[in-house]
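In what follows, a structure is listed as C-alpha cells, so that the remarks can point back to it.
Counting starts at 1 for both ligands and their atoms, in listed order. Basis for what follows: all heavy atoms, side chains included, without hydrogens, waters or symmetry-related copies. Note that the structure is a prediction, hence the values are computed from the model and not measured.
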Amino acid sequence: MTIAHEINFDGLIGPTHNYAGLSPGNVASATNAGGTSLPKAAALQGLSKMKTLMDFGLAQGVFPPQHRPDLNALRQIGFSGSDEQLLKSAHDADPTLLAAIWSASSMWAANAATVSPSADTADAKVHLTPANLISNYHRSLEHPTTTRMLRMIFKDDAHFVVHDPLPNQMRFADEGAANHIRFAAGHGQPGVEMFVYGFDREDSAGEARKYPSRQTRAACQAIARLHKLDPTRTVYTRQHPDAIDAGVFHNDVIATGNEAVFLYHEQAFATSRSMITDIAGPLGQPLTLIEASNTDFSLEDAVTSYLFNSQIVTLPDGTMALIAPLESKENPRVAAFVDRMIDDSTNPINSVHYLDVRESMRNGGGPACLRLRIVMTDQERSALHQGVMLTDELYQSLTTWVEKHYPDQLAPDDLLDPTLARSLTDALDELTRILDLPGLYPFQR
Ligand code: SUG
C-alpha cells in the first residue's frame with residue numbers, strides 16, 4: 001500500500017492586504033469595502049496558523065505573496081507616466097482599478113491551482129493546473145506569477161506536471177481547488193475526485209440569479225482530462241444556485257472533505273443524494289457523511305461563520321482534527337453543531353481548534369481558503385523545492401521579515417503612495433532570498 005501525506009501550502013499574506021470590495025457575491029468583501037486593513041497583523045495571523053499545523057506534526061509549506069502594486073497591469077490598459085502619475089490616473093479613472101492592482105488576493109492559495117495526486121493520475125505524477133481566475137479582474141492578475149512559482153517549487157518533472165492555466169475565456173472560468181474535493185480510503189490510495197461548478201452552458205436552467213458563478217463545468221472537464229484522471233472515478237457536481245445567491249462564491253464555503261469524510265450543508269449541491277453514491281461506489285468503502293441541515297443552521301449561518309471553510313486534517317495518530325475559524329465558535333448554532341460532531345463517535349473528527357484569521361476572513365477567506373493541499377508520497381516530497389517547507393527557523397525568519405517590512409495599517413488613500421510601492425520591491429527581493437526562489441518576481445528579471 002502506498003503511503004502518502006497531505007501537505008498544506010499556505011499563501012503568506014502580502015504587505016498590501018486591503019479591503020476594496022472587489023468580489024461581487026462575496027459578502028464579507030462587500031461588507032468591509034473601504035475599511036482600514038491591518039496587513040502586519042494579517043500576515044502574523046496566517047503565519048501563526050501555519051505554525052499551529054506544523055506543531056501538530058503536519059508538513060506545512062509556504063507560498064510567497066505576489067508583487068503588488070502591479071503597475072505593468074495599468075500600463076497594459078493604457079495608463080502611463082511616472083509611478084505617481086500611474087497610481088493617480090488609475091484612481092481618477094476608477095478607484096476599483098487602483099485597488100485591484102494592489103490586491104494581496106494571492107494569499108488565498110486554495111484558488112492557486114487544482115491538484116491531483118499521483119495515486120489518481122494515469123502517468124503516476126502529481127498534476128497541477130494553475131487557476132485562470134478570470135471571473136474577477138484583480139484575481140486574473142495572479143496566474144502568470146502563480147504558474148512561475150509552481151514551476152519553481154514543483155520543478156522535478158519525474159514527479160510533477162504543472163500545466164498552463166486554462167484559456168482566458170469565460171467558457172473555461174476556473175477557481176482552482178476551492179471547487180474540488182478528493183476522497184480516498186487513505187491519502188495514498190486511489191481517490192475519487194469531485195469537481196464542483198456553478199455554470200454549465202449545456203444547462204442554463206440551474207443558474208444562480210443574483211450573483212455570478214465562477215466555475216464552469218467545461219473547466220472541470222478540461223482539468224480532469226489534463227490530469228489524466230480515470231473517468232469512472234471522477235464526479236461532476238453542481239452548486240445549488242440558492243447557495244451561490246446566499247454568498248457561496250466557492251464550494252469550499254459550503255462543503256469540505258478529508259479522506260472518506262464528507263462535511264457539507266444540505267443546500268450545498270443541486271444533486272445531493274445521487275452524487276454520494278457516485279463517490280462511494282468507486283471508493284469501495286462507505287463515506288462518512290456529516291450533513292448540516294437547515295434546522296442545525298441556515299445557509300446564512302454557513303456564510304457568516306465559514307464553518308465549512310475549516311480544514312479537516314489527519315493527525316499523526318490517525319484521528320482527524322477540525323481547524324476552524326473563530327467566527328464559527330461565535331455563532332451558537334454552528335458551535336453547537338461542532339460540539340455534537342466532535343462528541344459523535346461515528347465520525348473520526350475528535351477535536352476542534354478555533355484559529356484567528358480575522359483579517360483574511362473580512363475579505364471572505366477562511367482557514368481552508370488560505371491553503372492549497374497537495375497529497376504526496378515521501379519521495380515526491382523530497383523532490384520539491386525545500387526552501388518553502390516550514391521549519392521553526394523559517395517561521396522565525398518570516399515573522400522577522402513581516403515585522404520589519406509590513407505597514408501596520410492600510411486605508412484606501414494609502415494606495416496612491418508611490419513610496420510605499422517602491423519599498424515593497426526591496427522587501428520582496430529579500431523574501432526570495434529567504435525562500436531561495438531567485439528570479440520569481442517580474443521586477444527581478
Ligand atoms: O476571490 N476575496 C477572495 C476570497 C477568496 C476565498 N477563497 C476561497 N473560498 N477558497 C475572492 O473573492 C476580496 C478582495 C477585496 O475585496 O479587496 C477577494 O478577492
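- Contact annotation: the side chain of Thr288 approaches that of Pro348 to within less than 4.5 Å [non-hydrogen atoms, C-beta and beyond].
- Gln311 and Lys49 share a donor-acceptor pair across their side chains, judged by distance under 3.5 Å alone.
- The side-chain tip of Arg373 does not point at the ring of Phe9 from less than 6.0 angstrom away and within 45° of straight on.
- Below 4.0 Å from some heavy atom of Ser23 lie the following atoms of ligand 1, by number and element: 2 (N), 11 (C), 12 (O), 13 (C), 18 (C), 19 (O).
- Close approach of ligand 1 to Ala178 is summarised as follows: ligand atoms under 4.0 Å from at least one heavy atom of the residue are 10 (N).
- Not a single N or O atom of Glu175, backbone or side chain, sits closer than 3.5 Å to an N or O atom of ligand 1.
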Go through it in stages, so that I can follow the logic: the residues are Tyr306 and Phe308, the test is ring-ring contact (aromatic ring centres under 6.0 Å, His included), and I'd like the CA-CA distance, side-chain angles, deciding distance and then a yes or no. CA-CA 5 Å; Tyr306 257 50; Phe308 298 98; 9.9 Å; no
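- Inclusion of Gly364 in the set of residues having an N or O under 3.5 Å from an N or O of ligand 1 is not warranted.
- Ligand 1 has a nitrogen or oxygen under 3.5 angstrom from a nitrogen or oxygen of Asp252.
- Checking side-chain atoms of Arg182 against main-chain N and O of Met194 turns up no donor-acceptor pair under 3.5 Å.
- Side-chain contact, Thr145 with His67: no donor N or O sits under 3.5 Å from an acceptor N or O.
- Here's the thing with Tyr306: none of its N/O atoms is less than 3.5 angstrom from an N/O atom of ligand 1.
- With hydrogens and angles left out, the side-chain atoms of Glu291 and His265 include no donor and acceptor closer than 3.5 Å.
- Below 3.5 Å of separation, one finds no N or O of Ser103 facing any N or O of ligand 1.
- Those atoms of ligand 1 with a heavy atom of Ala110 less than 4.0 angstrom away are 10 (N).
- Each of the atoms 17 (O) of ligand 1 lies under 4.0 Å from some heavy atom of Asn18.
- Under a 3.5 Å cut-off, the side chain of Ser293 and the backbone N or O of Thr295 do form a donor-acceptor pair.
- Salt-bridge check for Lys88 with Asp83: failed, with every basic side-chain N at 4.0 Å or more from each acidic carboxylate O.
- The heavy atom nearest to atom 19 (O) of ligand 1, out of those in Met361, Arg371, Arg139, His138, is found in His138.
- Checked against a 3.5 angstrom limit, the closest N/O atoms of Asn136 and ligand 1 fall outside it.
- Residue Trp108 has no nitrogen or oxygen atom sitting less than 3.5 Å from a nitrogen or oxygen atom of ligand 1, judged on distance alone.
- For His250 and Glu175, the side-chain atoms include at least one donor-acceptor pair closer than 3.5 Å.
- Heavy atoms of Arg214 found under 4.0 angstrom from ligand 1 belong exclusively to the side chain.
- Both the backbone and the side chain of Ala20 come within contact range of ligand 1, each with a heavy atom under 4.0 Å.
- Residue-to-ligand polar distances keep Asn309 apart from ligand 1: every N/O pair is separated by 3.5 Å or more.
- Nearest protein neighbour of atom 8 (C) of ligand 1, counting heavy atoms only, is Cys369 SG, 2.7 Å.
- Here the shortest heavy-atom distance to atom 15 (C) of ligand 1, taken over Asn26, Asn363, Leu372, belongs to Asn363.
- Aromatic ring pairs are classed by plane angle as parallel below 30°, tilted from 30° to 60° and perpendicular above 60°; the pair Phe154 and Phe63 is perpendicular.
- Close approach of ligand 1 to Ser29 is summarised as follows: ligand atoms under 4.0 Å from at least one heavy atom of the residue are 13 (C), 15 (C), 16 (O).
- For the pair Gly21 and ligand 1, the shortest N or O to N or O distance falls below 3.5 Å.
- Of the N and O atoms on the side chains of Asn258 and Thr314, at least one donor lies less than 3.5 Å from an acceptor on the other residue.
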